[in-house]
Q: 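Quick one: the structure is below, questions incoming.
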Amino acid sequence: MKIGTGLLALSLTVASAAAVADDELAIVGSWSGLPLHKQYEAPFWNDKLPEASGGRISTSLTTHDQMGIKGSDVFRMLGDGVFDVGMTVADYAVSDAPALEGLDVPLIATDAASAMKMVQAARPLVDDIYKDVFNAKVLGIAPYPPQVVFCNAEINGLADLEGKKIRASGRMTAKLLEALGAEGVTIGFGEVPGALQRGVVDCAVTGAGSGYSAGWWEVSTHLMPIPLGGWDPVVTAINLDKWNAMSADDQALLEKEVASGLEQPAWETAQNALATDIACLTGEGDCPGEKRSMKLVTVSDADIAKAREILISKVLPDWSERAGKDWGERWNDTVGKATGVAIKLQ
């Protein structure tokens with residue numbers, strides 16, 4: 001009798017949940033310890049979306065680092081339907097889709113407004129890549145703050161990067177570093193502090209806030225805030241089969257809420273976040289947390305002009321050749337027109 005009552009209670013619970021939630025989403029977010037996840041992803045998926053849907057959409061959220069999977073596996077697994085929604089840095093997926101490198105181009109966008117304009121211009125390209133390569137629909141693209149340079153070595157400007165081993169935040173950044181005379185090194189984000197400490201790399205590129213949160217200031221001495229790594233966009237995408245199975249109302253709600261509750265807030269705070277993060281890392285300026293004492297290396301206009309010239313004359317044409325001429329043409333017609341930069345195509 002007790003067993004029958006228990007089964008009945010369980011059946012009623014499941015039925016009740018099914019009646020409330022039309023769609024259940026299993027979600028894998030970006031790095032659990034970084035501000036983008038803690039301030040925007042977690043509140044959105046855990047609270048804002050279920051509330052906005054009136055309980056029609058229920059969610060369960062974890063992150064790829066909590067799952068113990070590599071960032072490069074997130075969108076592959078998403079396409080296979082292992083989970084419903086995936087979020088991670090687009091650059092992690094470029095080995096599967098070289099064309100995706102065109103989303104995160106260093107040095108073109110020097111502030112959040114121009115970075116958002118660049119991402120919006122690239123969105124049709126990104127949509128096609130995720131549909132064709134990852135069986136996924138893009139819901140939104142949010143930024144980390146600009147990817148700057150942490151060094152555990154004396155540097156006073158761009159020329160001092162020559163000959164140094166530098167962890168790149170993405171493939172295009174690695175190509176830019178190599179064109180500058182440095183050695184681009186691929187190391188996972190979580191492995192960087194140990195690599196800096198042991199001298200495996202001399203410098204590493206990441207967002208200032210990410211480096212602050214992850215304690216890179218403990219193993220590096222100099223901070224050069226030149227955006228050699230772009231804005232490291234994080235793509236939020238949903239498995240296409242799951243998307244097609246959702247009702248039209250829930251599809252519209254999900255797109256609307258991601259845009260207003262996740263994308264927009266992240267972009268709105270990206271610019272001020274950089275200044276705050278630099279202040280916290282160097283101890284110079286207003287910092288809401290504990291100040292550190294890294295040396296701030298001044299970036300000259302000449303350094304920025306030199307790096308940008310190398311990007312346009314060497315790095316972007318190299319990317320276009322690897323991705324395919326048609327992608328270079330599409331980039332010129334979209335991102336290029338929005339930013340005033342044109343790739344010289346062969």
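Just so it is clear, the values below take in all heavy atoms, side chains as well, and ignore hydrogens, waters and symmetry mates. All figures in this text were calculated on a predicted structure; none of them were measured in a lab.
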Q: When clusters are formed by joining ILVMFWY residues with side-chain heavy atoms under 4.5 Å apart, either directly or through shared neighbours, do I310 and V149 land in the same one?
A: yes

Q: Can you see which heavy atom on T334 is nearest to which on A121, and at what distance?
A: CB-O, 3.4 Å

Q: List the steps, then state whether side-chain contact (heavy atoms from CB on, under 4.5 Å) holds for F150 with M294.
A: CA-CA 9 Å; F150 290 73; M294 294 185 68; 3.8 Å; yes

Q: Taking A109's backbone N and O only, do any of them form a donor-acceptor pair with W231's side chain (distance below 3.5 Å, no angle check)?
A: yes

Q: With L107, which of V315, L176, T173 fulfils side-chain contact (heavy atoms from CB on, under 4.5 Å)?
A: L176

Q: Calculate, to the nearest 0.5 Å, the distance between atoms CG and CG belonging to L61 and L49 respectively.
A: 11.0 Å

Q: Between V133 and F75, does the side-chain contact (heavy atoms from CB on, under 4.5 Å) criterion hold? Intermediate values first, please.
A: CA-CA 9 Å; V133 178; F75 293 127; over 6 Å; no

Q: Starting from the C-alpha separation in whole Å, work towards a yes-or-no answer on side-chain contact (heavy atoms from CB on, under 4.5 Å) for W319 and V105.
A: CA-CA 10 Å; W319 164 72; V105 179; over 6 Å; no

Q: Between side-chain atoms of residues 198-214 and protein atoms elsewhere (two or more places apart, or another chain), which donor-acceptor pairs fall under 3.5 Å?
A:
| unit_1 | atom_1 | unit_2 | atom_2 | d |
| --- | --- | --- | --- | --- |
| R198 | NH1 | G194 | O | 3.3 |
| D202 | OD2 | K165 | N | 2.8 |
| Y212 | OH | E290 | N | 3.2 |
| Y212 | OH | E290 | O | 2.6 |
| S213 | OG | G209 | O | 3.0 |

Q: If hydrophobic clusters are built by linking Ile, Leu, Val, Met, Phe, Trp and Tyr wherever their side-chain heavy atoms come under 4.5 Å apart, do V94 and V185 end up in the same one?
A: no

Q: Below 4.5 Å, heavy atoms only, C-beta onward: do C280 and P288 meet side chain to side chain?
A: yes

Q: Please tell me if the side chains of W216 and V192 come closer than 4.5 Å, counting only heavy atoms from C-beta onward.
A: yes

Q: With a 3.5 Å distance limit and no angle check, can you tell me whether D303 reaches the backbone of L158 through a side-chain donor-acceptor pair?
A: yes

Q: Parallel, tilted or perpendicular for H64 and Y92, by the 30°/60° rule?
A: perpendicular

Q: For the CD1 atom of I57 and the CD atom of E257, what is their distance to the nearest 0.5 Å?
A: 8.5 Å

Q: With the 4.5 Å side-chain cut-off for hydrophobic clustering, are V126 and Y144 part of the same group?
A: no

Q: What are the two closest heavy atoms between A182 and L161, and how far apart are they?
A: CB-O, 3.4 Å

Q: When you look at I238 and M246, which way does the side-chain contact (heavy atoms from CB on, under 4.5 Å) test go after all the steps?
A: CA-CA 11 Å; I238 185 170; M246 295 177 71; 3.8 Å; yes

Q: Counting heavy atoms not belonging to K291, are there more than 12 under 6.0 Å from its NZ?
A: yes

Q: In chain order, what residues pass the ring-ring contact (aromatic ring centres under 6.0 Å, His included) check against Y40, with sequence neighbours excluded?
A: none

Q: Check ring-ring contact (aromatic ring centres under 6.0 Å, His included) between W45 and all other residues, then give those that pass, not counting sequence neighbours.
A: none

Q: How would you list all residue pairs meeting salt bridge (charged side-chain N to carboxylate O under 4.0 Å, His left out) that involve residues 304-321, not counting sequence neighbours?
A: D318-R322

Q: What is the minimum heavy-atom distance between T221 and A153, and which atoms define it?
A: OG1-N, 3.7 Å

Q: Please identify which of these residues, T88, V74, V82, meets the side-chain contact (heavy atoms from CB on, under 4.5 Å) condition with I69.
A: V74

Q: Tell me which pairs pass salt bridge (charged side-chain N to carboxylate O under 4.0 Å, His left out) where either residue lies in residues 171-196, with sequence neighbours left out.
A: E101-R171

Q: Do the side chains of M87 and L36 get nearer than 4.5 Å, heavy atoms only?
A: no

Q: Where the side chain of N332 meets the backbone of I343, is there a donor-acceptor pair that is under 3.5 Å apart?
A: yes

Q: Could you give all pairs that pass the salt bridge (charged side-chain N to carboxylate O under 4.0 Å, His left out) test and reach residues 37-54, with sequence neighbours left out?
A: none

Q: With rounding to the nearest 0.5 Å, note down the distance linking OG in S72 to CG in D91.
A: 12.0 Å

Q: Just wondering, do T59 and F44 contact through their side chains at under 4.5 Å, heavy atoms?
A: no

Q: Any side-chain heavy atom of P145 sitting closer than 4.5 Å to one from D277?
A: yes

Q: Can you tell me how far the CD1 atom of I27 sits from the OG atom of S60, to the nearest 0.5 Å?
A: 6.0 Å

Q: Show the nearest heavy-atom pair for residues P146 and P227, with the distance to one decimal.
A: CB-CB, 4.1 Å

Q: Any side-chain heavy atom of F189 sitting closer than 4.5 Å to one from D65?
A: no

Q: Is a donor on one side and an acceptor on the other found under 3.5 Å between the side chain of R123 and the backbone of I141?
A: no

Q: Measure the CD-CG distance between E284 and L223 for me, rounded to the nearest 0.5 Å.
A: 10.0 Å

Q: Hydrophobic cluster membership, with links at side-chain heavy-atom distances under 4.5 Å among I/L/V/M/F/W/Y: are V148 and V299 in one?
A: no

Q: For D160, give me all partners under side-chain hydrogen bond (donor to acceptor under 3.5 Å, both in side chains), at least two apart in sequence or on another chain.
A: none

Q: Can you check whether L103's main-chain N or O pairs, donor with acceptor, with W331's side chain at less than 3.5 Å?
A: no

Q: What distance separates L345 CG from D326 CG, expressed to the nearest 0.5 Å?
A: 10.0 Å

Q: Which pair of non-hydrogen atoms, one from Q147 and one from S169, has the smallest distance, and what is that distance?
A: OE1-CB, 3.9 Å

Q: Suppose the criterion is side chain to side chain donor-acceptor pair (under 3.5 Å): which pairs have a residue in residues 105-115, not counting sequence neighbours?
A: D111-S114

Q: Are any of the side-chain heavy atoms of Y130 and L100 separated by less than 4.5 Å?
A: yes

Q: Tell me every residue that passes salt bridge (Lys or Arg N to Asp or Glu O under 4.0 Å) with E154, counting only those two or more places apart in sequence or in another chain.
A: K295

Q: Enumerate the residue pairs fulfilling disulfide (SG to SG under 2.5 Å) with a member in residues 22-140, sequence neighbours excluded, ordered by first and then second residue.
A: none

Q: List the steps, then state whether salt bridge (charged side-chain N to carboxylate O under 4.0 Å, His left out) holds for R330 with D333.
A: CA-CA 5 Å; R330 289 189 66 182; D333 289 340; over 6 Å; no

Q: Any chain of hydrophobic side-chain contacts (each under 4.5 Å) joining M224 to V219?
A: no

Q: Please enumerate all residues that pass side-chain hydrogen bond (donor to acceptor under 3.5 Å, both in side chains) together with E255, with sequence neighbours excluded.
A: K137

Q: If you look only at pairs with a residue in residues 239-250, which of them pass as a side chain to side chain donor-acceptor pair (under 3.5 Å), with sequence neighbours excluded?
A: R56-D250, N135-D241

Q: Quick one: are I226 and V297 in side-chain contact, heavy atoms under 4.5 Å?
A: no

Q: Would you call D128 and K131 a salt bridge, taking side-chain N to carboxylate O under 4.0 Å as the test?
A: no

